[in-house]
Every structure is written in structure tokens, then in C-alpha cells.
Amino acid sequence: MAEITVQPTNDKISFMPASAPSAYPYEALLLVSFGGPEQPDDVMPFLENVTRGRAVPRHRLREVGEHYFARGGRSPINDQCRGLITALRADFDAQGADLPIYWGNRNWHPYLADAVQQMSDDGVRRAAYFVTSMYASYSGCRQYREDLFDSVQRVTEAPALDRVRHGYDHPGFIAAFADATVKALADLGADTDTRLVYVTHSIPTAMARASGIQPDTYVAEHAEVARLVTSAVADRTGRVHEGDLVYCSRSGAPDVPWLVPDVNERLAALRAIGVDSVVVVPIGFVSDHMEVVHDLDTEAAGTAARLGLRYARAATPGTHPAFVAMIRDLVMERAGVERGDRVDPLALGQLDAHWHACPRGCCPNPTASRNALGGSDS
């Protein structure tokens, strides 16, 4: 995949969340995340969960495990989910949204099946679910829906679960990254020559090609976010910064093509053409979990230091108020759709707002046929 250079536009981006309407017909919100180890003994079982069925060599799991052991054997991701739930609870309460919040992970405790069981035990009969992944792809959407389908099958009287659409182009998501990028530029003492390097998780090119319902939706959505954030930064600062879309965290067999350029390779290429400062913006991630703190704060930062390249990393949305309000807005939007209200999705840019129920053929499983929750081909 050739590098993508992002040019700013004149988009005006702001987000002032409205008061929350009724969440009816939903009785709860399920936060769906990836999960991560919380102590050293969890690390290898967690990695085995993540890579099950992919024939990843044991020595490769041990190599990745060292990233966790270097930080005490604990991933930051679960604590960040707890923080997000606390922020959501405060936001919901302030807006009068009486909606209990549950939490389940694909790959570690608390597992999705446990969360679904708890909702059933609590008498919840219908809930919305929000996945902490903002873009279309098998690994970022359908794989979660497959695991949710399996979890629901294991629970007696499981609640009906409706998917909340991806919010990659929601004003709250863009605003959170724009604010973080402006701060990183200021911390760096950056001028207009500072490059914005937008980073997301690499995936196999075949998976990227099959993402969404149009070819290469995964790449197109990231390119659009990069464009929108670039525009918002220019609007806030009065300075235009060129940008690039790059990738991190490649894994898998070396003969399988994945999306490139890698962030470290792109940093070297930028230094070679005279760029002397960069701000890395991790638009593919909603929180500072392991792939951010290792791949960007350790490896990419180390590459920049060796190159003599001034380097700063913008924060992920985390618990930014605009991101938290975005989640509420998307839940209430979904509730309005189910009530039959006229709903105008808040979405920026040149691509269509994401669908709520995934259409047939969206982000297919590349290796097997599995049922998935929340789509026409479930």
C-alpha cells in the first residue's frame, strides 16, 4: 500500500453535545473492549487467547510478552476501560440518562459472556453495545460481533443487543484528537514545518481490501479522520501542517502482505527529506493501551531519537469530554432509530455515516464462516 499524504481542507469542526433524550427502548449499555492482562501470570494465557487459531509460534508470543513484563505484566487497557466507564457514568448522570453500564472483553476478564450473564441476572432485556474500535474491519468489528453472538448463545434469557455505529467521523472523536494534537504541537514548540504522522494498527491488505461494503473502507476511513483532524488543527492554530497516514503493530507470517508504510520506516524517510520535527497522532486507538505505549512511546520514540528527529505523541481520546459525550450521543441516536424517530446522524467529512446493523458481506471472516450479532448475515 503506497503512503498517503493528507492535505488539510477548510472543514469547520466543533461539537457541542445536546442534552440526552430518552434511551428507550434500551435498559443498559454494554461497553465492549479487547481486554488485557492485569498481572504477570495473565500475560501468556492472554496472548494465547488473542492468537488462538492463528498458529503463532511460541517464541513470538514470548517476544510480545516481554512488552508486558517490562511494564509489570499489566496492560493499561482494563484500567482505561474503568476510567471510561466512570466518565460515562458522570456524563450520563449529568444529562439525566438513567442507563446502567456493563463491560465485557473479547480476550480477558471480564469476558463478554460474563457481562451478558450479569445483564441477564439483573433482568436487562434489551441493551445497546458500543465497541471501542472506531473503524470497519474484520478484527475491529465483525470479530467482536462473532464473539458477542457466541456469548449470547451461552446465556439463558440473554438480552437483545443492538450495535451502536462506529463513530470515526463523529465531531466528538475529531475534536478530541484535534485538541490533543494542538497540545502536542505546543509542547514541542512546533512551527509550520512540523509533520503530523497519523498512526493506526496495520492489518493484512486482504482484510483491508474486504473491510466495510466498499473496497478499502478501513484505509479510506482513517484517511478521512486524518484529513479532518488536519483541518481542525489548522482552524485552531492558523498553521497548516502536512501529514501522513502510517501503520504500526504488524504481526503474522512475514509472507502475508500487511498495510504499510510502518511508522518507523516513515520517520526515517521524513528525516531523509529534511523534516526535523513530528507529532505522532494515534488515530487508530481510543486509549493509551499497550500498542500505543510500546509501539509509539517506546519504539517509534526511540527511532526518532536515533534519527535526531524531534518527536511528540498526541494523546488518545481516553476520557476526553467530547469523546465521552460522543458515546452518549451515539447511544441516543441508536435509541431514536429503534423508536422510529427521525434521526440525523452527527457525522463529518466526505464519507457516509456508518450503518448500525452491518449489511451482508461487511468485513467478512477471512478464514471461517461464523455467526455474528448485529448484522443482516448474522
Side-chain angles (χ1 to χ4, degrees), residues 1-6 34 47 50-51 54 56-57 59-61 63-68 70 133-135 137-140 177 181 184 194-211 216-227 229-230 241-286 288-314 316 366:
M1 180 71 63
E3 70 188 46
I4 298 175
T5 300
V6 181
F34 190 82
L47 293 175
V50 173
T51 60
R54 291 167 50 190
V56 177
H59 72 85
R60 177 56 183 156
L61 294 185
E63 290 173 5
V64 176
E66 290 304 318
H67 302 166
Y68 293 89
S133 174
M134 305 301 285
Y135 304 91
S137 73
Y138 171 71
S139 59
F177 271 118
T181 303
T194 296
R195 197 88 166 198
L196 302 181
V197 179
Y198 295 99
V199 187
T200 189
H201 204 302
S202 185
I203 61 175
T205 55
M207 184 187 295
R209 181 72 177 169
S211 59
D216 294 315
T217 295
Y218 182 80
V219 174
E221 289 175 349
H222 282 88
E224 186 68 349
V225 170
R227 188 185 69 84
V229 174
T230 299
H241 296 271
E242 292 188 353
D244 305 86
L245 178 60
V246 304
Y247 303 91
C248 69
S249 308
R250 188 211 190 283
S251 62
D255 60 330
V256 175
W258 284 53
L259 294 175
V260 293
D262 174 76
V263 57
N264 298 283
E265 294 172 354
R266 186 57 183 157
L267 293 179
L270 290 173
R271 191 71 182 108
I273 62 172
V275 174
D276 63 10
S277 61
V278 297
V279 167
V280 167
V281 189
I283 59 172
F285 308 94
V286 302
D288 289 2
H289 54 68
M290 186 58 69
E291 283 159 322
V292 175
V293 300
H294 179 79
D295 292 4
L296 302 184
D297 294 350
T298 302
E299 288 191 346
T303 296
R306 289 191 298 274
L307 293 168
L309 188 63
R310 292 193 302 137
Y311 179 99
R313 198 262 294 171
T316 51

So do [Y] and [X] actually touch side chain to side chain, heavy atoms under 4.5 Å?
X	Y	result
Leu245	Ile283	yes
Met290	Val293	yes
Arg313	Val281	no

Of the non-hydrogen atoms in [X] and [Y], which two are nearest, and what is the gap between them?
X	Y	result
Thr200	Gly284	OG1-CA, 3.1 Å
Phe177	Thr316	CE2-CA, 4.0 Å
Val275	Arg271	O-NH1, 3.0 Å
Tyr247	Val219	OH-CG2, 3.7 Å
Ala312	Ala184	CB-O, 4.0 Å
Gly140	Ser133	O-OG, 2.9 Å

Spacing of [X] atom [atom1] and [Y] atom [atom2] [to the nearest 0.5 Å]:
X	Y	atom1	atom2	value
Ile203	Tyr135	CD1	OH	12.0 Å
Arg195	Leu267	CZ	CG	11.0 Å
Tyr311	Asp297	OH	CG	6.0 Å
Arg60	Leu47	CZ	CG	10.0 Å
Met134	His222	CE	NE2	10.0 Å

Is it the case that the side chain of [X] and the backbone of [Y] share a donor-acceptor pair, with hydrogens and angles ignored and the cut-off at 3.5 Å?
X	Y	value
Ser202	Leu259	yes
Arg266	Val246	no
Ser137	Ser211	no

Which class fits the ring pair Trp258 and His201: parallel under 30°, tilted 30 to 60°, perpendicular over 60°? tilted

Report the residue from Val197, Val263, Asp244 that forms a side chain to side chain contact (heavy atoms under 4.5 Å, CB included) with Val278. Val197

Thr194 and Ser277: side-chain donor and acceptor closer than 3.5 Å? yes

Under 3.5 Å, is there a donor-acceptor pair between the Tyr198 and Thr230 side chains? yes

